[in-house]
Amino acid sequence: MHIIHHYDELCSVGERLDLPKGVCLQDMVPPGENCVFLLDEGVCAATKMTESGGERTFTYFTPRWLFSIVPLYLQEYADEEWEVQYYTRTPSSLYRIAADQFDAMVEQYPLLAKTVMKVLSYNLVRIQSNFFDREDLPAFLRVCKVLLQLDTGEGIAPFFTAEELGSFIGAHSVTVAKIIVQLKRHGFVSRRNRRLFVDDRSGLTRVLKERIVLNYYQNPDES
């Protein structure tokens, strides 16, 4: 959970939306308006369609997190072709907050303004990290890093399939699946009750730190 100052006040001025997986949140915004979203339950993602017709995921949003803030303050870029789309990746509950109400609250509550700076900074760091990882790390290490980031001790949400992870780290889903099989064979991760667990966090951290790349090309089919 993230600390969002004045969380209850934000919920009180927003409209609650209970949405299924796969909804584009821009479609939930009234025409000609801007809204900020406060995620209460579920997982959402910032994505963009590539020229080849695929989808690239830039970052994920988890409960008690704000997003869609940038269009509020950079309205001149709202209609640019590179606009990021926000999608629910799981069934999600959010609060849709009108831009004028959100802006008024930011002016009224200094701690909320601090929260906005923290949220924007965090999102920027995550997106920058993901970009440079694609340039600097081989696919095997990108998978290791994202598994360490996603595992909270209670397993990784089932919706993070090989295809979903591949979209995020810039690798083919088949490659991601083979890497996970190899990590399981070496005892770094396991799958229980449809969730992937990092069983050897220190070992996987060492693999990432020392840039150890295991051979996953000849993996047999997973039983």
Task: Test item: Ser68 side-chain N/O and Cys35 main-chain N/O as donor-acceptor pair under 3.5 Å - done: yes
Open item on the list: Looking at Glu163, I'd like to know if its CD atom is crowded, meaning that more than 12 non-hydrogen atoms belonging to other residues, nucleotides or ligands lie closer than 6.0 Å.
Closed with: no
TODO: Can you see which heavy atom on Thr47 is nearest to which on Val84, and at what distance?
DONE: O-CG1, 3.3 Å
TODO: Salt-bridge test for Arg206 and Asp200: reply yes if a basic N is under 4.0 Å from a carboxylate O, no otherwise.
DONE: no
TODO: Could you tell me whether the side chain of Ser93 and the main chain of Asp40 form a donor-acceptor pair under 3.5 Å?
DONE: no
TODO: Calculate, to the nearest 0.5 Å, the distance between atoms CG and CD belonging to Leu141 and Glu210 respectively.
DONE: 11.0 Å
Open item on the list: For Glu154, I'd like to know if atom CD has over 12 heavy atoms of other residues, nucleotides or ligands within 6.0 Å.
Closed with: no
Task: Separation of Phe37 CZ from Ile97 CD1 (nearest 0.5 Å) - done: 9.5 Å
Open item on the list: Quick check against the 3.5 Å criterion: does Gln26 have a side-chain atom that pairs as donor or acceptor with the backbone of Tyr86?
Closed with: yes
Open item on the list: Is there a path of hydrophobic side-chain contacts, each under 4.5 Å between heavy atoms, that joins Leu120 and Tyr122?
Closed with: yes
Task: Asp199 and Phe197, any side-chain heavy atoms less than 4.5 Å apart - done: yes
Open item on the list: Using the rule that Ile, Leu, Val, Met, Phe, Trp and Tyr join whenever any side-chain heavy atoms are under 4.5 Å apart, tell me whether Met28 and Tyr87 fall into a single cluster.
Closed with: no
Task: Side-chain (Gln101) to main-chain (Gly14) donor-acceptor, under 3.5 angstrom - done: no
Task: Euclidean distance, Ile212 CD1 relative to Cys144 SG, rounded to 0.5 Å - done: 9.5 Å
- [ ] Drop me the distance from Leu196's CG to Lys184's NZ, to the nearest 0.5 angstrom.
- [x] 7.5 Å
Task: Sub-4.5 Å side-chain heavy-atom contact between Leu204 and Leu183 - done: yes
- [ ] On the 0 to 90° scale, with breaks at 30° and 60°, tag the Tyr216-Phe140 ring pair as parallel, tilted or perpendicular.
- [x] parallel
Open item on the list: Could you measure the distance from the CZ atom of Arg195 to the CG atom of Asp151? Nearest 0.5 Å is fine.
Closed with: 10.0 Å
TODO: Please answer whether the main-chain N or O of Leu137 pairs with a side-chain N or O of Arg142 as donor and acceptor at a distance below 3.5 Å.
DONE: yes
TODO: May I ask you to test the Leu124-Ser121 pair for a side-chain heavy-atom distance under 4.5 Å?
DONE: no
Open item on the list: I need the minimum non-hydrogen distance between His5 and Leu10, along with the two atoms involved.
Closed with: O-CD1, 4.2 Å
- [ ] Dump the intermediate steps for side-chain contact (heavy atoms from CB on, under 4.5 Å) on Phe67 and Leu94, then the final yes or no.
- [x] CA-CA 11 Å; Phe67 60 96; Leu94 311 95; 3.7 Å; yes
Task: Beyond-backbone contact of Phe188 with Val207, side-chain heavy atoms, under 4.5 angstrom - done: yes
- [ ] Scan side-chain atoms only and decide if Tyr60 and Glu164 contain a donor-acceptor pair under the 3.5 Å cut-off.
- [x] yes
Task: Cluster check Leu208, Val143: I/L/V/M/F/W/Y, side chain < 4.5 angstrom - done: yes
TODO: Kindly check if the number of other-residue, nucleotide or ligand heavy atoms within 6.0 Å of CZ (Arg192) is above 12?
DONE: yes
Task: Gln149 side chain near Arg126 side chain, heavy-atom distance below 4.5 Å - done: yes
TODO: Compare all side-chain heavy atoms of Lys21 with those of Thr90 and state whether any distance is below 4.5 angstrom.
DONE: no
Open item on the list: Testing the 3.5 Å rule here: is there a donor-acceptor pair between the side chains of Asn123 and Thr59?
Closed with: no
Open item on the list: According to a hydrophobic-cluster definition based on side-chain heavy atoms being under 4.5 Å apart (Ile, Leu, Val, Met, Phe, Trp, Tyr only), do Phe102 and Val13 belong together?
Closed with: yes
Open item on the list: Minimum heavy-atom separation for Arg64 and Ile4, please, with both atom names.
Closed with: O-CG1, 3.1 Å
Open item on the list: With a 4.5 Å cut-off on side-chain heavy-atom distances among I, L, V, M, F, W and Y, is there a chain of contacts connecting Leu148 to Val213?
Closed with: yes
Open item on the list: On a heavy-atom basis, which atom in Phe168 and which in Thr57 lie closest, and how many Å separate them?
Closed with: CD1-O, 3.5 Å
Open item on the list: To the nearest 0.5 Å, what is the distance between CD on Glu33 and CG on Asp100?
Closed with: 8.0 Å
Task: side-chain contact (heavy atoms from CB on, under 4.5 Å) between Tyr7 and Leu38, intermediate numbers included - done: CA-CA 9 Å; Tyr7 186 86; Leu38 175 59; 3.7 Å; yes
TODO: Decide side-chain contact (heavy atoms from CB on, under 4.5 Å) for Glu15 and Tyr95; before the verdict, give the C-alpha distance in whole Å, the side-chain angles of both, and the deciding distance to 0.1 Å.
DONE: CA-CA 5 Å; Glu15 179 181 354; Tyr95 289 92; over 6 Å; no
Task: Stepwise side-chain contact (heavy atoms from CB on, under 4.5 Å) check, Trp65 with Val43 - done: CA-CA 10 Å; Trp65 203 242; Val43 179; over 6 Å; no
Task: Contact summary for Ser173 and Ala162, nearest pair of heavy atoms - done: O-CB, 3.5 Å
Task: Residue pair Leu39 / Phe61: nearest heavy atoms and the distance that separates them - done: CD2-O, 3.2 Å
Open item on the list: Any heavy-atom pair between the side chains of Leu165 and Ile180 that's under 4.5 Å?
Closed with: yes
Open item on the list: Using only atom types and a distance under 3.5 Å, with no angle test, would you say the side chain of Ser129 pairs donor to acceptor with the backbone of Val125?
Closed with: no
Open item on the list: Are Glu107 and Asp103 packed together at the side-chain level, in the sense that at least one heavy-atom pair is separated by less than 4.5 angstrom?
Closed with: yes
